[in-house]
Protein chains: 2
Amino acid sequence: MPKVGMEPVRRKALVDAAMRVIGDHGSLTVTMSEIAKEAGVSPALAHHYFGSKEQLLIETVRVHLQRLRDSVVTALRAARTPREKLSAVIRVSFQADQFAPETIAAWLAFYAEAQRSEETRRFLVIYARRLHSNLVANLKALCPVGDAERIAEGAAAMIDGLYIRQSLRSAPISTEASIALTEDYLTAHLNALEG
Amino acid sequence: MPKVGMEPVRRKALVDAAMRVIGDHGSLTVTMSEIAKEAGVSPALAHHYFGSKEQLLIETVRVHLQRLRDSVVTALRAARTPREKLSAVIRVSFQADQFAPETIAAWLAFYAEAQRSEETRRFLVIYARRLHSNLVANLKALCPVGDAERIAEGAAAMIDGLYIRQSLRSAPISTEASIALTEDYLTAHLNALEG
DNA sequence: TATTATTGATTGACTGATCAATCAATAAAA
DNA sequence: TTTTATTGATTGATCAGTCAATCAATAATA
């Protein structure tokens, strides 16, 4: 065989290239040629390994969400109290690599794609549920379940909203300011319940 | 068939058709043929009146935002106190037609398109600024300017976030629940400042 | 060691489909 | 007749996907 065992190398290179191209482009309307060129291989090879453009894009979304998930798991392990864990979830959502313009553009593109691709939608629903349940699980330790659900709903919406607003680059909000806004939301509501 | 004075009729029909097709499709990746067919005319006529697909789509975004703007203006006029005006802004953001699945899909598509089309981006930035300034203007009557800016930022993010989460149709939130969440956000923060 | 068979990796060239855009032609009104 | 409305037919570009052919590394064989 030639350089045997190229498959995993190429698959990773193509997925990474797809992320970059999608980010640049700000949309999933990218060509296999662009992705392949970015990865330094021929378009034919991309088809050889992924079968179709859709499969390559789906794999890209999957890997992207997997990475985010890993970050969350690590951050949660490092935090001790429920309140710290809540902060950890927020911090990860806005950490540097998630907040890079290309990453934000890619997220937006994934959301749009979810309207058409059932599989992409499934991945994003899983992400949304995970975010929600991570929040609820820790809020429950601090307030009644009903309130926990409601506050989690609001916090998740705020996180996603801060994201989408970043994508317009009109009034850029810093990572710290985004974290502070979401933290304030939690604090204000938890205090309101105690008071 | 040529009845004279068809231009405004056709333009409106095509823009409305574009909205429907985009909503169905959940993306701006729609063809002139689809739009024209939906409007009951030939693709050639669409080109005749709009010159290009991009211009038709831009006009569609423009009309869409214009309608939202009109709703806001009307609602603001009907409200008296600053607090009522804040509620009016929130209510309009989630009113029935804005919350229809196709409308949400279209919004999402516009956000994604803004990554590529400078003109679409300009329109959305104007929308974002208007929402922000409507909120700030009325918050200023209830709290210090600095806090008003911060609270407006959070409320706007929450509104957009509730939108984007609706697009996934995973845990659908009712109009009332969305309004309640945003209202709670305002109330909690305003109370926190007074207390 | 030299030869050969085998096979994964890789690509250039091609195909078929799709689509935006153009244009020439026609029909109705002014 | 001149202008406006309208369309069918066509063009040119872009792309996803296919395929036959080539390359290079290994392993079996002589």
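So that the names make sense, note that chain A is the first sequence line, chain B the second, and so on, each numbered from 1. Computed from a prediction, not measured in an experiment: that's the story for all the values here.
To the nearest angstrom, P of D/dA5 lies 13 Å from CG of B/Leu14. The nearest whole Å value for the distance from the NZ atom in A/Lys37 to the C1' atom in D/dA16 is 18 Å. Separating the CE atom of B/Met6 from the P atom of C/dA30 is a distance of 13 Å, rounded to the nearest angstrom. Put simply, NE2 on B/His47 is 14 Å from C1' on D/dT10, counting in whole angstrom units. Put simply, CZ on B/Arg11 is 15 Å from P on D/dT4, counting in whole angstrom units. The nearest whole Å value for the distance from the CD atom in A/Gln55 to the C1' atom in D/dA16 is 14 Å. To the nearest angstrom, C1' of D/dA16 lies 13 Å from CD of A/Glu34. Computed from coordinates, the A/Leu28 CG to D/dC15 P distance equals 15 Å when rounded to whole Å.
Remark: the backbone N or O of B/Arg116 is not paired with any side-chain donor or acceptor of B/Thr120 at under 3.5 angstrom. Listed for the A/Tyr185 side chain is no donor-acceptor partner under 3.5 Å among the backbone atoms of B/Met158. In this structure, B/Lys140 contributes its side chain and B/Val145 its backbone to no donor-acceptor pair below 3.5 Å. A donor-acceptor pair is defined here as one N or O able to donate and one able to accept, closer than 3.5 Å; no such pair exists between the side chain of B/Ser167 and the backbone of B/Tyr163.
If you check every strand for non-hydrogen atoms under 4.0 Å, B/Phe50 touches nothing. Residue contacts shown for A/Val9 are absent, as no nucleic acid heavy atom lies under 4.0 Å away.
Checked against a 6.0 Å centroid threshold, the rings of B/Tyr127 and B/Trp107 count as neighbours.
Of all nucleotides listed (D/dA5, C/dC19, C/dA21), C/dA21 comes nearest to the side chain of B/Ser52. Counting only heavy atoms from C-beta on, A/Lys53 has its side chain closest to D/dA16 among D/dA16, C/dA9, C/dA21.
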Query raised in the report: What does nucleotides 11-17 of chain C look like as a protein-contact string, B for base, S for sugar-phosphate only, - for none, at under 4.0 angstrom between heavy atoms?
Result: BB-----
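Below 30°, between 30° and 60°, or above 60°: for A/Phe94 and A/Phe99 the angle between ring planes is above 60°, a perpendicular geometry.
How far CD of B/Gln115 is from CD of B/Glu113: 10.0 Å, rounded to the nearest 0.5 Å.
Phosphate contact (OP1/OP2 of C/dT10, side-chain N/O of A/Arg10, threshold under 4.0 Å): present.
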